[in-house]
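These notes are about the structure you will find just below.
Given the structure is predicted, the values throughout are model-derived calculations rather than measurements. The sequence lines fix the lettering, A, B, ..., with proteins before strands; numbering per chain opens at 1.
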2 protein chains.
Amino acid sequence: MTRILIADDHHVVRTGLRAVLEAQPGLEVVGEVGNGEEAVEAAVRLKPDLVILDYAMPVHNGVEATREIRKQLPRTEVLIFTLHDSQEVIEDVLSVGARGYLLKSDANDHLIAAVRALARHEAYISGRVSAELLDTLLDRRRQGKQDPLTPRERRVVQLIAEGRSNRDVCGQLGVSLKTVETHRAAAMRKLGLHNTADLVRYAIKNRIVEV
Amino acid sequence: MTRILIADDHHVVRTGLRAVLEAQPGLEVVGEVGNGEEAVEAAVRLKPDLVILDYAMPVHNGVEATREIRKQLPRTEVLIFTLHDSQEVIEDVLSVGARGYLLKSDANDHLIAAVRALARHEAYISGRVSAELLDTLLDRRRQGKQDPLTPRERRVVQLIAEGRSNRDVCGQLGVSLKTVETHRAAAMRKLGLHNTADLVRYAIKNRIVEV
DNA sequence: CGAATTTTCAGGGTTTCGCCCGATGGTCAG
DNA sequence: CTGACCATCGGGCGAAACCCTGAAAATTCG
């Protein structure tokens, strides 16, 4: 029996996932949550075999939740469930320990296959990137050359681009105002940007936030 | 018995909607389609009482599908089901004949209420806009229809979103700094925005600037 | 382990933003 | 003519953004 935790901020999506999964023998949905923070908490408590995580969630996003879950529960697999087909997103989530990546538009055909693969601890990638390229991607990421922002900087940029002030962000992330300023300044220096407007355009261009 | 047609490009969402709706007495899902063109075709064929349309669909989007369905089937109500809470989207879809607007994040609490209201041919709006403002919105659209910014304000917003500071803009336009600040403030007040990041996202969303 | 990177935080400064208040002309419709 | 918008400008003020320097934990990785 494969025990599954579902994390998605839209109730209707959770209902749909649950309906599809529970129609399958050997699969059991043990919990449903609506954001990344709850996902981590529920995962630790329920110790599921598999967590299905929406990439774009409030409070904690999919990447942060993945990192935390994989850290605390190495035997629990993570399947990222997302709207957008982006190579950067794939590299992002794979690098923090997810082994599954499923587009919402592919859910119909590939959800069960993805879940079965993850249950066997095999990678499953839908979208533009095939599983064959997985190692290449990860190799390239290890060597360097990827996007210049550290995860923390990227997270700060995301929140800024969503319209939060530095003060909001420091509350959200639980760090001091000075730390947020440092990350923001580091990101802008690396990217050669000098104001909020440029930073927001960068974030949109690189799909760190939606428009 | 209220007969319902579901149109959403994500199978999992359709499944979730169907599960929620069919748990209710008096509601029947008579069809599921995955894009706007199929929605029009299926609506004409099935003549449902209500069509639930995803706003963002391939082939035909929600607005086009709504226009066509309302034209061919005046007694069929349309409920727009969308991810984003945007006043412009609301005005858009209401102006082509939809009488329901439901955020996906509100689906859990309000889906049934929305469907029941539409079945009685009453408007139902979730999100930032209350039903009380509905007439005002539609009135304003009938009269003027265009975006709320004056040409000068729009020009200032464009330059800001391109990354210029107020000081840069005043040099560019040959007016005083105070004038630029006034236009910027007026634009933000009209749009209900409170910082640069929100202004830039607005400008991109409304194609005032490119990303 | 040890080096490199990341993350955290601070002081102290200038500039810009965001938001009040007010005002003067110009244009255009009723 | 008389409001209505619109574009132009100003004073003032607190908050936020921006920029520099420095530095100590924590993490990662060879």
Checklist entry - Would you call A/Asp9 and B/Lys104 a salt bridge, taking side-chain N to carboxylate O under 4.0 Å as the test? => result no
Item to check | Rounded interatomic separation in angstrom, taking CZ from B/Arg189 and P from D/dC6 | outcome: 10 Å
Next on the checklist: With a 4.0 Å cut-off on N to O distance, would you call B/Glu64 and B/Arg67 a salt bridge?
Outcome noted: no
Checklist entry - 5'-most contact on DNA chain D: A/Thr182 or A/Leu177, nearest heavy atom basis? => result A/Leu177
Checklist entry - Which heavy atom of B/Gly100 sits nearest a heavy atom of B/Leu79, and at what distance? => result C-CD1, 3.5 Å
Checklist entry - What are the bounds, 5' to 3', of the part of DNA chain C that sits under 4.0 Å from heavy atoms of chain B? => result C/dT16 to C/dC19
Next on the checklist: Please report the distance, rounded to the nearest Å, between CZ in B/Arg184 and C1' in D/dA17.
Outcome noted: 11 Å
Next on the checklist: Please classify the nucleic acid contact of B/Thr179 as base, sugar-phosphate, or nothing, using heavy-atom distances under 4.0 Å.
Outcome noted: base
Next on the checklist: Rounding to an integer number of Å, can you tell me how far A/Met188 CE sits from D/dC20 P?
Outcome noted: 10 Å
Checklist outcome for this item: Overall bend of the helix from C/dT14-D/dA17 to C/dG30-D/dC1 (five pairs an end, 10° steps) is 20°
Next on the checklist: Considering every strand and a 4.0 Å limit on heavy-atom distances, what is the contact class for B/Arg167: base, sugar-phosphate, or nothing?
Outcome noted: sugar-phosphate
Checklist entry - Nearest-Å distance, NZ (B/Lys190) to C1' (D/dC6)? => result 9 Å
Checklist entry - Charged N to carboxylate O under 4.0 angstrom, B/Asp198 versus A/Arg164? => result no
Checklist entry - Between B/Arg184 and B/Thr196, does any side-chain donor sit less than 3.5 Å from a side-chain acceptor? => result yes
Item to check | A/Val51 side chain reached by A/Glu77 side chain, heavy atoms, under 4.5 Å | outcome: no
Next on the checklist: Run A/Leu111 and A/Leu21 through side chain to side chain contact (heavy atoms under 4.5 Å, CB included) and show every step you take.
Outcome noted: CA-CA 8 Å; A/Leu111 174 62; A/Leu21 293 170; 4.1 Å; yes
Checklist entry - With side chains defined as the heavy atoms from C-beta onward, is the minimum distance between A/Val180 and A/Cys170 less than 4.5 Å? => result yes
Checklist entry - How long is the line joining NZ of B/Lys178 and P of D/dC13, in whole Å? => result 12 Å
Next on the checklist: In this structure, how many angstroms lie between the C1' atom of D/dA15 and the NE2 atom of B/His194, rounded?
Outcome noted: 15 Å
Next on the checklist: For A/Glu162, is there an ion pair with B/Arg201 - N to carboxylate O distance below 4.0 angstrom?
Outcome noted: no
Checklist entry - Starting at CD of A/Glu181 and ending at P of D/dC19, how long is that distance when rounded to a whole Å? => result 12 Å
Checklist entry - How many Å lie between CG on B/Asn166 and P on D/dC9, as a whole number? => result 14 Å
